[in-house]
Amino acid sequence: MHATALHHRLTDLGHRSPTSGLLLRGGASAVTSQISWWGAVVIGFLNSRR
């Protein structure tokens, strides 16, 4: 939900440059997403070895 709201805020900017706060929120969303996906992969791998 956070990424969707962030997407709408970025698209509302049109051709204007995003603020540093929006860029920081986008970076934090990307990092959180990657950690979550890789965590799920590791958990799935560990559970498949049982």
Side-chain donor or acceptor of T32 paired with backbone N/O of A28 under 3.5 Å: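 Confirmed, T32 side chain pairs with A28 backbone.
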Between T11 and H8 (side chain of the first, backbone of the second, donor and acceptor by atom type, cut-off under 3.5 Å), is there such a pair?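 Checked: pair present.
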If you measure from [atom1] on [X] to [atom2] on [Y], what distance do you get to the nearest 0.5 Å?
X   : Y   : atom1 : atom2 : result
I43 : S48 : CD1   : OG    : 12.0 Å
L23 : S17 : CG    : OG    : 8.5 Å
R25 : R9  : CZ    : CZ    : 5.0 Å

If you count every heavy atom of other residues, nucleotides or ligands that lies below 6.0 Å from H2 atom NE2, does the total exceed 12?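 Enclosed.
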Which heavy atom of L13 sits nearest a heavy atom of P18, and at what distance?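 Shortest heavy-atom contact: CD1-CA, 3.4 Å.
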Considering all heavy atoms, the nearest G26-L6 contact: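 What the structure gives for the nearest pair is CA-CD2, 3.3 Å.
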ILVMFWY clustering at 4.5 Å (side-chain atoms), partners of I35: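 Same cluster as I35: V31.
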